[in-house]
There are 2 protein chains.
Amino acid sequence: MDRRQEILLAAEKSFSLFGYKATTMDQVAKIANVGKGTIYTFFSNKEELFQAIVRQMVEEMRRVSEESTIAGASFEVNAHARLMQLLKFRETHQLYVKLIEEEKELRTPMVSEVLASIEEEIIEFVRQKIERGISKGELKPCNSELVAYLLFKSYLALVVDWSKTHDRQLSEEEIAQLLSDTIFSSLLV
Amino acid sequence: MDRRQEILLAAEKSFSLFGYKATTMDQVAKIANVGKGTIYTFFSNKEELFQAIVRQMVEEMRRVSEESTIAGASFEVNAHARLMQLLKFRETHQLYVKLIEEEKELRTPMVSEVLASIEEEIIEFVRQKIERGISKGELKPCNSELVAYLLFKSYLALVVDWSKTHDRQLSEEEIAQLLSDTIFSSLLV
DNA sequence: TCATTGACCGTAAAACGTTTATGGTCACTA
DNA sequence: TAGTGACCATAAACGTTTTACGGTCAATGA
């Protein structure tokens, strides 16, 4: 068995179960069946190990998001599908859920940092899709950075924030309809 | 001098300067030049006193927002002016700034509650403006609750959140342009 | 008579000293 | 020489004491 891989598996399990702060290097070493020192031959500290795990997750998110793409469908349909998929991942994936909880409850700085960087990556991802839409002639030229930001924040607000102040959750149809009428319609050529 | 008024002035000063948690009833009594017991003849507890002060502030916000309205201007121009005014107030008014800081640093539950209710009021205010725009035939019929929510959250994201992850702040023109192209354009008849 | 007061009360939070746990190292080992 | 776990310094958790606070109410005096 690959020691590095064992460590990554153990770390993923522990971070997912206990979060960043409550995960100890002794814990990870025990789960991975290695001495604590061994971890430090692969990762220079806890922070780096954590970031390696998060990078894995971000890759998985990217994969899942791309998989939800429907070949031949419009920009709007695919952007909607991908963003909803990402937000579903956010509320479903054990590690992501745990990190959001930790950010809210403990305010662990490392966790805040990592969550912010994930958001940035998603927005950059959306931006690239918009640029692609423009260069394919499907979308009007626009400030893709701003539009990507607005689009992502809108989804976040409607999917995540809305249910915090209203008891019912918005249905996917309502969200799709609202954004189709407003932001999306203005992007199309 | 009106004792009730003295107390309100003292409370406003103290809450603005120190926030909710760090304001003590002894403090307020001293500033107001009244015995502590006197406060309790007008307000049944600290929470009620605080809410009275916040209600004052919300009224001031409403006034300031209405004042920024340009008679005869379009829905878009006025909605933009009012929302920018409200967000400026949010970042300028001593008490509001202090409460946002306290919510972030201390997470005082009462403060979170009050800030949430202010947001709700603003959104309801926007909703009414939208409904009015519809009944005047200036706007297409739409789900005003959802649109108001989206609009407010968009402004919040562009004005407040953007500068947290990007070093430069968005100019008012950029914001006006972006939202004019996207959300506003879709609302007009 | 009754509005006003501040000493007083119970409680919750701050302060503090002590103990425990944790990230990281490195001499030792197999 | 890759791998280990006892070890170290430090920081976080814990338990206890002290302080501070919101709220009350008997006393006061206008």
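Labels below follow one simple rule: chain letters A, B, ... track the order of the sequence lines, proteins then strands, and each chain is numbered from 1. For the numbers below, each heavy atom of this structure counts, side chains included, while hydrogens, waters and symmetry mates do not.
Rounded to an integer number of Å, the gap from OH of B:Tyr40 to P of C:dC2 is 24 Å. Atom OH of A:Tyr20 and atom C1' of C:dT22 are 12 Å apart (whole Å). Computed from coordinates, the A:Asp26 CG to D:dA6 P distance equals 10 Å when rounded to whole Å. Following rounding to the nearest Å, B:Lys36 (NZ) and D:dT24 (C1') show an atom-to-atom distance of 9 Å. Note: CD (A:Glu6) to P (D:dG3) measures 12 Å, nearest angstrom. B:Asn45 has its CG atom 11 Å from the P atom of D:dG22, to the nearest Å. Across the protein-nucleic acid pair, B:Ile7 atom CD1 and C:dT5 atom P stand 9 Å apart, rounded to whole Å. For the pair A:Met25 CE and D:dC7 C1', the interatomic distance rounds to 17 Å; values are reported in whole Å.
Checking the phosphate oxygens (OP1, OP2) of D:dT4, no side-chain nitrogen or oxygen of A:Lys30 falls inside 4.0 Å. Under 4.0 angstrom from either OP1 or OP2 of D:dC21 there lies no side-chain N or O belonging to B:Thr24.
Across the interface with DNA chain D, nearest-nucleotide mapping of A:Phe42 and B:Thr23 shows A:Phe42 to be the residue nearer the 5′ end. Comparing A:Gly37 and A:Lys21 by the nucleotide of DNA chain D whose heavy atom lies nearest to each, the residue mapping closer to the 5' end is A:Gly37.
A salt bridge does not link B:Lys98 with B:Glu103: every distance from a Lys NZ or Arg NE/NH1/NH2 to an Asp or Glu carboxylate oxygen is 4.0 Å or more. Between B:Glu66 and B:Lys129, at least one side-chain nitrogen of the basic residue sits less than 4.0 Å from a carboxylate oxygen of the acidic one, meeting the salt-bridge criterion. The residues B:Glu124 and B:Arg127 are annotated as salt-bridged, a charged nitrogen and a carboxylate oxygen being separated by less than 4.0 angstrom.
The nucleotide whose nearest atom lies closest to any side-chain atom of B:Arg3 is, among D:dG22, C:dT4, C:dG23, C:dT4. Comparing C:dG24, D:dT4, C:dT4 by their nearest atom to the side chain of B:Thr38 picks out C:dT4. Counting only heavy atoms from C-beta on, B:Lys46 has its side chain closest to D:dG22 among C:dT4, D:dA12, D:dG22.
Under the 3.5 Å distance criterion, the side-chain polar atoms of A:Glu102 are matched with a main-chain donor or acceptor of A:Lys21.
Taking the six-membered ring where tryptophan is involved, the planes of B:Phe184 and B:Phe75 are perpendicular, since the angle between them exceeds 60° and thus also 30°.
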